[in-house]
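See below for the structure under consideration.
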Amino acid sequence: MVWKDVFWFTFGKIVAFSLLGILVWLLGKGIEQNLVSYFPWLRKMMGPLLIAVGLFMIGVIKLNGTFHLFKGPKEYKHENLLGSFMLGFSFSLAFCPTMFVLFFVTLMPVALSSPYGFILPPIFALGTAIPLLIVIAIIWFLGGSGVLMKKSRKFGTMVGRLAGILMLLLGIFDTITYWSI
């Protein structure tokens, strides 16, 4: 277990949420009122997006190939702390609907109205990383980094397919509800 990578992943999350918090703070309270006008369109997009993600998780949709945001030298492909940082940073920007509401609708109004509001986004980021840190610590403590990971692949595949079916059903119901079909 390389705890440096875990630290840099968590640091990437903290930087991403801090930058988002600073951006919202600079834009002020006007963003809260403007954001509400976009909610109906965002809600209509969620159903088809959930359907696509569900089909991907089940295995109906397959993506071949990869794309790179930036390419570095080949000697830095492994053991790169910047990669861990960018993974944490990018995962933080990939909001799920719940995280979006928690951050922008619940946390940021409190941060804007509080004299210590600037510290709330980094604390939020650390709080979202705690469950992951607990799971990693348990795996490390039990010494199951190799054996546990091999056994968990089959279980992970099954859970992923079940989650895909659930997302597909939620997407269908969400589309029916918000598109008035």
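Along the sequence shown, the residues carry numbers beginning at 1. Model, not experiment: these values are computed from the prediction.
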- Query: What's the shortest heavy-atom distance between P121 and G21, and which atoms?
  - Reply: CG-CA, 3.8 Å
- Message: If the condition is side-chain contact (heavy atoms from CB on, under 4.5 Å), which residues does I134 pass it with, not counting sequence neighbours?
- Response: I130, I138
- Query: Short question: side chain of S90, backbone of L87 - any donor-acceptor pair under 3.5 Å?
  - Reply: yes
- L107 versus L102: any side-chain heavy-atom pair under 4.5 Å? no
- Message: For a quick test of reading the model, state the closest non-hydrogen atom pair linking G47 to D174 and the distance between them.
- Response: N-OD2, 3.1 Å
- Would you check if L81 and F7 make a side-chain contact, meaning some heavy-atom pair closer than 4.5 Å? no
- Message: Under 4.5 Å between side-chain heavy atoms, counting indirect links through other Ile/Leu/Val/Met/Phe/Trp/Tyr residues: same cluster for I22 and V110 or not?
- Response: yes
- Query: Are W3 and I14 in one and the same hydrophobic cluster, where Ile, Leu, Val, Met, Phe, Trp and Tyr link if side-chain heavy atoms are under 4.5 Å apart?
  - Reply: no
- Would you please name every residue forming a side-chain contact (heavy atoms from CB on, under 4.5 Å) with I58, sequence neighbours left out? V60, I165, L168
- Rounded to the nearest 0.5 angstrom, the CD1-CG distance for I51 and L169 is 10.0 Å
- Query: Which pair of non-hydrogen atoms, one from M57 and one from M167, has the smallest distance, and what is that distance?
  - Reply: SD-SD, 3.7 Å
- Is there side-chain contact between L166 and L170, with at least one heavy-atom pair below 4.5 Å? yes
- Query: Where do F89 and L19 come nearest, in terms of heavy atoms and distance?
  - Reply: CE1-CD1, 4.0 Å
- Option from T128, L120, I123 for which side-chain contact (heavy atoms from CB on, under 4.5 Å) with F17 holds: T128
- Query: So which heavy atom on P48 is nearest to which on W179, and how close?
  - Reply: CD-NE1, 4.1 Å
- Item | Nearest heavy atoms of K13 and A125, plus distance in Å | O-CB, 3.6 Å
- Message: Assigning hydrophobic clusters by single linkage (Ile, Leu, Val, Met, Phe, Trp, Tyr; side-chain heavy-atom cutoff under 4.5 Å), is L126 placed with V135?
- Response: no
- Query: So F11 and W8, would you call those rings parallel, tilted or perpendicular, with 30° and 60° as cut-offs?
  - Reply: perpendicular
- Query: Is the shortest heavy-atom distance from the side chain of F124 to the side chain of M99 under 4.5 Å?
  - Reply: yes
- Query: Could you give the distance from OG1 (T10) to CG (D5), rounded to the nearest 0.5 Å?
  - Reply: 10.5 Å
